[in-house]
Amino acid sequence: MRNLNRFLGLFLLLGLVIPTFAQEKRPSATPNATPRPQVSKIPQPGARPQFRPAVLGAGSDSLINRIDTNDLLKKGQKDGAVMFAALVSPNGDISSAWTYRPMPGTEALQQELQKRLASAKFTPPIYQYQPVGVLLFGTAIFSAISKPHIQIFLNQDPSELKAASDFIAPQPVIGGDSKFEGLTPPEGGTPVPLTAVVDLRLKVNREGGLEGIEVVGEEPPLLGFAEAAMANFRDAKFIPAFRNGDPDDASVTQPICYKPIE
(Lines give C-alpha, C1' and ligand atoms only; values in the text may rest on other atoms or scores of the structure.)
Protein backbone atom coordinates (compact mmCIF):
# COMPACT_ATOMS: atom_id res chain seq x y z
CA MET A 1 0.00 0.00 0.00
CA ARG A 2 2.92 2.39 0.69
CA ASN A 3 4.18 2.04 -2.89
CA LEU A 4 0.64 2.34 -4.26
CA ASN A 5 0.02 5.57 -2.36
CA ARG A 6 3.31 6.93 -3.71
CA PHE A 7 2.17 6.07 -7.26
CA LEU A 8 -1.10 7.88 -6.67
CA GLY A 9 0.80 10.98 -5.57
CA LEU A 10 2.96 10.86 -8.70
CA PHE A 11 -0.07 10.51 -10.96
CA LEU A 12 -1.90 13.38 -9.34
CA LEU A 13 1.24 15.49 -9.64
CA LEU A 14 1.33 14.78 -13.38
CA GLY A 15 -2.40 15.40 -13.82
CA LEU A 16 -3.09 11.72 -14.53
CA VAL A 17 -5.53 9.27 -13.01
CA ILE A 18 -5.13 5.64 -11.96
CA PRO A 19 -7.65 2.81 -11.56
CA THR A 20 -8.35 0.90 -8.40
CA PHE A 21 -8.89 -2.78 -8.94
CA ALA A 22 -5.79 -4.89 -9.53
CA GLN A 23 -4.11 -8.23 -9.75
CA GLU A 24 -0.44 -8.38 -8.90
CA LYS A 25 2.43 -10.46 -10.22
CA ARG A 26 5.80 -10.77 -8.49
CA PRO A 27 8.93 -12.57 -9.74
CA SER A 28 8.74 -16.22 -8.73
CA ALA A 29 10.63 -19.41 -9.22
CA THR A 30 7.39 -20.92 -10.50
CA PRO A 31 6.43 -19.40 -13.88
CA ASN A 32 2.81 -18.46 -14.54
CA ALA A 33 1.82 -18.92 -10.92
CA THR A 34 -1.93 -18.55 -10.52
CA PRO A 35 -2.72 -15.08 -9.10
CA ARG A 36 -5.21 -14.54 -6.31
CA PRO A 37 -8.83 -14.29 -7.53
CA GLN A 38 -9.86 -10.82 -8.68
CA VAL A 39 -13.41 -10.71 -7.37
CA SER A 40 -14.65 -13.73 -5.48
CA LYS A 41 -18.33 -13.13 -6.20
CA ILE A 42 -18.04 -12.83 -10.00
CA PRO A 43 -19.17 -16.14 -11.55
CA GLN A 44 -16.61 -18.07 -13.56
CA PRO A 45 -16.88 -18.70 -17.31
CA GLY A 46 -19.64 -21.19 -18.10
CA ALA A 47 -22.20 -19.55 -15.85
CA ARG A 48 -24.66 -17.07 -17.33
CA PRO A 49 -25.15 -14.20 -14.88
CA GLN A 50 -27.04 -11.11 -15.95
CA PHE A 51 -23.78 -9.13 -15.98
CA ARG A 52 -20.12 -10.08 -15.85
CA PRO A 53 -17.30 -7.66 -16.72
CA ALA A 54 -14.24 -8.69 -18.67
CA VAL A 55 -11.56 -9.42 -16.08
CA LEU A 56 -7.98 -10.64 -16.15
CA GLY A 57 -8.66 -14.26 -15.31
CA ALA A 58 -5.89 -16.72 -14.49
CA GLY A 59 -3.54 -19.14 -16.23
CA SER A 60 -0.93 -18.66 -18.91
CA ASP A 61 -3.20 -16.57 -21.18
CA SER A 62 -3.89 -13.96 -18.52
CA LEU A 63 -2.23 -10.59 -19.09
CA ILE A 64 -0.88 -10.59 -15.54
CA ASN A 65 1.02 -13.81 -16.23
CA ARG A 66 2.30 -12.87 -19.68
CA ILE A 67 4.25 -9.77 -18.69
CA ASP A 68 7.94 -10.56 -18.25
CA THR A 69 8.88 -8.74 -15.04
CA ASN A 70 12.49 -9.96 -15.05
CA ASP A 71 13.01 -8.71 -18.60
CA LEU A 72 11.70 -5.28 -17.56
CA LEU A 73 14.30 -5.22 -14.79
CA LYS A 74 17.06 -6.18 -17.26
CA LYS A 75 15.99 -3.32 -19.51
CA GLY A 76 16.35 -0.90 -16.64
CA GLN A 77 12.67 -0.13 -16.16
CA LYS A 78 12.10 1.94 -13.02
CA ASP A 79 8.87 2.74 -11.20
CA GLY A 80 6.19 3.80 -13.65
CA ALA A 81 2.69 3.34 -14.99
CA VAL A 82 0.93 3.17 -18.35
CA MET A 83 -2.77 3.31 -19.17
CA PHE A 84 -4.27 0.99 -21.76
CA ALA A 85 -7.53 0.20 -23.50
CA ALA A 86 -8.59 -3.00 -25.25
CA LEU A 87 -11.48 -4.17 -27.37
CA VAL A 88 -12.46 -7.52 -25.87
CA SER A 89 -14.53 -9.89 -28.01
CA PRO A 90 -17.40 -12.07 -26.71
CA ASN A 91 -15.01 -15.02 -26.25
CA GLY A 92 -12.47 -12.96 -24.28
CA ASP A 93 -9.93 -12.47 -27.08
CA ILE A 94 -8.50 -9.00 -27.74
CA SER A 95 -9.12 -7.63 -31.22
CA SER A 96 -7.28 -4.34 -30.65
CA ALA A 97 -5.36 -2.67 -27.83
CA TRP A 98 -3.42 0.55 -27.31
CA THR A 99 -1.50 2.36 -24.57
CA TYR A 100 -1.57 6.01 -23.52
CA ARG A 101 -0.78 8.57 -20.82
CA PRO A 102 2.51 6.91 -19.83
CA MET A 103 4.61 8.20 -16.98
CA PRO A 104 8.06 9.44 -18.07
CA GLY A 105 10.69 6.74 -18.52
CA THR A 106 8.26 3.89 -19.19
CA GLU A 107 9.20 3.00 -22.77
CA ALA A 108 10.10 -0.58 -21.83
CA LEU A 109 6.85 -1.03 -19.90
CA GLN A 110 4.83 0.36 -22.81
CA GLN A 111 6.48 -2.02 -25.27
CA GLU A 112 6.04 -5.04 -23.00
CA LEU A 113 2.39 -4.21 -22.29
CA GLN A 114 1.55 -3.69 -25.96
CA LYS A 115 3.29 -6.94 -26.89
CA ARG A 116 1.50 -9.01 -24.25
CA LEU A 117 -1.92 -7.48 -24.84
CA ALA A 118 -1.81 -8.81 -28.39
CA SER A 119 -2.02 -12.41 -27.17
CA ALA A 120 -3.72 -12.10 -23.78
CA LYS A 121 -7.19 -13.43 -23.02
CA PHE A 122 -9.80 -12.00 -20.65
CA THR A 123 -12.79 -13.59 -18.96
CA PRO A 124 -15.61 -13.35 -21.56
CA PRO A 125 -17.93 -10.41 -20.77
CA ILE A 126 -21.67 -10.96 -20.22
CA TYR A 127 -24.46 -8.41 -20.67
CA GLN A 128 -28.11 -9.32 -20.08
CA TYR A 129 -27.15 -13.02 -19.93
CA GLN A 130 -25.47 -12.93 -23.36
CA PRO A 131 -21.78 -12.80 -24.42
CA VAL A 132 -20.86 -9.40 -25.83
CA GLY A 133 -17.83 -7.37 -26.79
CA VAL A 134 -16.69 -4.51 -24.56
CA LEU A 135 -14.17 -1.71 -24.44
CA LEU A 136 -12.01 -2.34 -21.37
CA PHE A 137 -9.84 0.27 -19.65
CA GLY A 138 -6.89 -0.39 -17.37
CA THR A 139 -3.47 0.61 -16.12
CA ALA A 140 -0.26 -1.31 -15.57
CA ILE A 141 1.91 -0.11 -12.68
CA PHE A 142 5.46 -1.39 -12.28
CA SER A 143 7.48 -1.11 -9.07
CA ALA A 144 11.20 -1.83 -9.10
CA ILE A 145 11.76 -1.10 -5.40
CA SER A 146 12.41 -3.78 -2.77
CA LYS A 147 10.30 -6.59 -4.31
CA PRO A 148 9.83 -5.75 -8.01
CA HIS A 149 6.32 -6.47 -9.23
CA ILE A 150 3.62 -5.36 -11.65
CA GLN A 151 -0.02 -4.62 -10.97
CA ILE A 152 -2.87 -4.54 -13.50
CA PHE A 153 -5.83 -2.30 -12.63
CA LEU A 154 -9.24 -2.34 -14.33
CA ASN A 155 -10.27 1.16 -13.33
CA GLN A 156 -8.91 4.63 -13.98
CA ASP A 157 -10.61 6.76 -11.32
CA PRO A 158 -8.26 8.15 -8.63
CA SER A 159 -10.93 8.38 -5.92
CA GLU A 160 -11.47 4.61 -6.05
CA LEU A 161 -7.74 3.97 -5.73
CA LYS A 162 -7.43 6.34 -2.81
CA ALA A 163 -10.21 4.43 -1.03
CA ALA A 164 -8.55 1.07 -1.84
CA SER A 165 -11.91 -0.10 -3.20
CA ASP A 166 -12.74 -3.50 -4.67
CA PHE A 167 -14.06 -1.87 -7.84
CA ILE A 168 -14.26 -2.51 -11.59
CA ALA A 169 -15.34 0.44 -13.74
CA PRO A 170 -18.33 0.23 -16.13
CA GLN A 171 -17.47 -1.29 -19.51
CA PRO A 172 -19.26 -0.02 -22.66
CA VAL A 173 -20.96 -2.85 -24.54
CA ILE A 174 -20.59 -3.63 -28.24
CA GLY A 175 -23.66 -5.61 -29.25
CA GLY A 176 -27.03 -6.33 -27.67
CA ASP A 177 -29.16 -3.20 -27.38
CA SER A 178 -26.12 -0.94 -27.02
CA LYS A 179 -25.47 1.57 -29.78
CA PHE A 180 -21.79 1.87 -28.87
CA GLU A 181 -19.72 0.80 -31.90
CA GLY A 182 -16.24 1.74 -30.75
CA LEU A 183 -14.26 4.96 -30.92
CA THR A 184 -14.88 7.07 -34.01
CA PRO A 185 -12.68 10.18 -34.42
CA PRO A 186 -14.08 13.54 -35.54
CA GLU A 187 -15.60 13.69 -38.99
CA GLY A 188 -13.15 15.08 -41.49
CA GLY A 189 -10.16 14.00 -39.42
CA THR A 190 -7.36 16.31 -38.27
CA PRO A 191 -4.66 18.21 -40.22
CA VAL A 192 -2.05 15.67 -39.06
CA PRO A 193 -2.40 12.29 -37.34
CA LEU A 194 -2.35 12.72 -33.58
CA THR A 195 -3.31 11.10 -30.30
CA ALA A 196 -6.09 12.76 -28.31
CA VAL A 197 -7.58 12.02 -24.88
CA VAL A 198 -11.02 13.12 -23.73
CA ASP A 199 -11.92 12.81 -20.04
CA LEU A 200 -15.58 11.85 -19.73
CA ARG A 201 -17.54 11.86 -16.49
CA LEU A 202 -19.91 8.91 -16.78
CA LYS A 203 -22.80 8.08 -14.47
CA VAL A 204 -23.91 4.47 -14.99
CA ASN A 205 -26.58 2.71 -12.94
CA ARG A 206 -26.43 -0.88 -11.72
CA GLU A 207 -28.52 -2.02 -14.69
CA GLY A 208 -25.96 -0.71 -17.15
CA GLY A 209 -27.91 2.38 -18.19
CA LEU A 210 -26.15 5.68 -18.84
CA GLU A 211 -27.70 8.37 -16.64
CA GLY A 212 -25.21 11.17 -17.22
CA ILE A 213 -22.28 12.10 -19.46
CA GLU A 214 -20.07 15.19 -19.35
CA VAL A 215 -16.74 16.25 -20.86
CA VAL A 216 -14.35 17.36 -18.11
CA GLY A 217 -11.11 17.50 -20.13
CA GLU A 218 -9.79 17.38 -23.70
CA GLU A 219 -6.22 17.09 -24.99
CA PRO A 220 -5.65 18.75 -27.44
CA PRO A 221 -8.69 21.05 -27.35
CA LEU A 222 -10.86 22.46 -30.13
CA LEU A 223 -10.27 19.69 -32.67
CA GLY A 224 -13.63 17.97 -32.28
CA PHE A 225 -12.61 15.04 -30.09
CA ALA A 226 -14.87 16.05 -27.20
CA GLU A 227 -17.88 16.12 -29.53
CA ALA A 228 -16.81 12.78 -31.02
CA ALA A 229 -16.56 11.17 -27.57
CA MET A 230 -20.01 12.43 -26.59
CA ALA A 231 -21.45 11.03 -29.82
CA ASN A 232 -19.66 7.68 -29.35
CA PHE A 233 -20.94 7.13 -25.80
CA ARG A 234 -24.28 8.91 -25.42
CA ASP A 235 -26.34 5.90 -26.60
CA ALA A 236 -24.12 3.21 -25.08
CA LYS A 237 -25.18 0.48 -22.71
CA PHE A 238 -22.70 -0.79 -20.14
CA ILE A 239 -21.78 -3.77 -18.10
CA PRO A 240 -22.22 -1.90 -14.81
CA ALA A 241 -19.51 -1.20 -12.30
CA PHE A 242 -18.80 -4.03 -9.87
CA ARG A 243 -18.10 -3.19 -6.24
CA ASN A 244 -17.15 -5.98 -3.84
CA GLY A 245 -18.21 -8.46 -6.52
CA ASP A 246 -21.71 -7.05 -7.10
CA PRO A 247 -23.16 -4.67 -9.72
CA ASP A 248 -23.40 -1.11 -8.41
CA ASP A 249 -24.23 2.45 -9.43
CA ALA A 250 -21.11 4.44 -10.28
CA SER A 251 -19.88 7.86 -11.35
CA VAL A 252 -16.39 7.69 -12.84
CA THR A 253 -14.03 9.93 -14.77
CA GLN A 254 -12.87 7.90 -17.76
CA PRO A 255 -10.02 8.97 -20.09
CA ILE A 256 -10.96 8.05 -23.67
CA CYS A 257 -7.95 7.81 -25.98
CA TYR A 258 -8.17 8.28 -29.75
CA LYS A 259 -5.08 7.06 -31.58
CA PRO A 260 -4.42 7.17 -35.34
CA ILE A 261 -4.47 3.82 -37.09
CA GLU A 262 -0.91 2.62 -37.65
Side-chain angles (χ1 to χ4, degrees), residues 1 3-5 7-8 11-12 16-25 35-58 62-64 81 83-86 88 92 122-141 150-174 176-178 180 199-214 216 233 236-256:
M1 182 58 68
N3 285 343
L4 200 56
N5 287 337
F7 277 127
L8 177 59
F11 265 82
L12 294 178
L16 303 179
V17 293
I18 342 178
T20 45
F21 183 75
Q23 271 187 339
E24 181 173 322
K25 179 184 177 184
R36 62 188 181 188
Q38 284 181 280
V39 177
S40 60
K41 295 182 182 178
I42 295 178
Q44 296 300 307
R48 279 292 180 88
Q50 183 179 8
F51 302 112
R52 182 179 66 207
V55 295
L56 296 175
S62 174
L63 179 62
I64 195 68
M83 288 183 177
F84 66 92
V88 181
F122 285 77
T123 299
I126 300 290
Y127 171 77
Q128 296 295 0
Y129 306 101
Q130 298 299 320
V132 293
V134 297
L135 177 58
L136 174 149
F137 303 97
T139 297
I141 297 179
I150 192 158
Q151 295 171 295
I152 305 293
F153 294 81
L154 298 183
N155 178 282
Q156 295 177 341
D157 193 289
S159 62
E160 296 293 345
L161 179 59
K162 185 176 180 180
S165 305
D166 181 352
F167 181 79
I168 302 174
Q171 297 175 354
V173 170
I174 304 172
D177 60 351
S178 176
F180 178 73
D199 292 303
L200 288 183
R201 187 70 180 171
L202 301 171
K203 184 177 182 181
V204 179
N205 63 34
R206 68 188 61 203
E207 295 299 321
L210 181 63
E211 295 187 342
I213 180 172
E214 177 187 7
V216 296
F233 284 87
K237 299 291 186 181
F238 293 77
I239 294 177
F242 269 65
R243 190 179 300 279
N244 298 320
D246 294 315
D248 197 8
D249 302 329
S251 293
V252 296
T253 299
Q254 181 60 64
I256 310 299

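Model, not experiment: these values are computed from the prediction. Residue indices begin at 1 and follow the sequence shown.
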Minimum-distance pair of heavy atoms, taken over all atoms of Pro240 and Gly208
CB-N, 4.0 Å
For Pro125 against Ala54, the heavy-atom pair lying closest together:
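Minimum heavy-atom separation between Pro125 and Ala54: CB-N, 3.9 Å.
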Side chain to side chain, [X] and [Y], heavy atoms closer than 4.5 Å:
| X | Y | answer |
| --- | --- | --- |
| Gln50 | Pro247 | no |
| Lys237 | Pro172 | no |
| Leu136 | Phe84 | yes |
| Leu200 | Thr253 | no |
| Glu207 | Phe51 | yes |
| Thr139 | Gln156 | yes |
| Pro49 | Tyr129 | no |

Can you list the steps and then say if Ile126 with Ile239 is a side-chain contact (heavy atoms from CB on, under 4.5 Å)?
CA-CA 7 Å; Ile126 300 290; Ile239 294 177; 5.7 Å; no
Run the side-chain contact (heavy atoms from CB on, under 4.5 Å) check on Phe238 and Val134 step by step: do they pass?
CA-CA 8 Å; Phe238 293 77; Val134 297; over 6 Å; no
In Å, rounded to the nearest 0.5 Å, how long is the span from [atom1] of [X] to [atom2] of [Y]?
| X | Y | atom1 | atom2 | answer |
| --- | --- | --- | --- | --- |
| Leu210 | Lys203 | CG | NZ | 10.5 Å |
| Gln171 | Arg52 | CD | CZ | 11.0 Å |
| Arg201 | Gln254 | CZ | CD | 10.5 Å |
| Phe153 | Ile141 | CZ | CD1 | 4.0 Å |

Validation row, ring centre Phe180 to ring centre Phe233 under 6.0 Å
yes
Taking side chain to side chain contact (heavy atoms under 4.5 Å, CB included) as the criterion, tell me which of Asp157, Val252, Leu154, Ile256 meets it with Phe137.
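Looking at Asp157, Val252, Leu154, Ile256, the match for Phe137 under the side chain to side chain contact (heavy atoms under 4.5 Å, CB included) is Ile256.
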Within the distance-only criterion (no hydrogens, no angle test), does the side chain of Ser178 pair as donor or acceptor with the backbone N or O of Ala236 below 3.5 angstrom?
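Between the backbone of Ala236 and the side chain of Ser178 there is no qualifying donor-acceptor contact (under 3.5 Å).
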When you look at Phe242 and Asp248, which way does the side-chain contact (heavy atoms from CB on, under 4.5 Å) test go after all the steps?
CA-CA 6 Å; Phe242 269 65; Asp248 197 8; over 6 Å; no
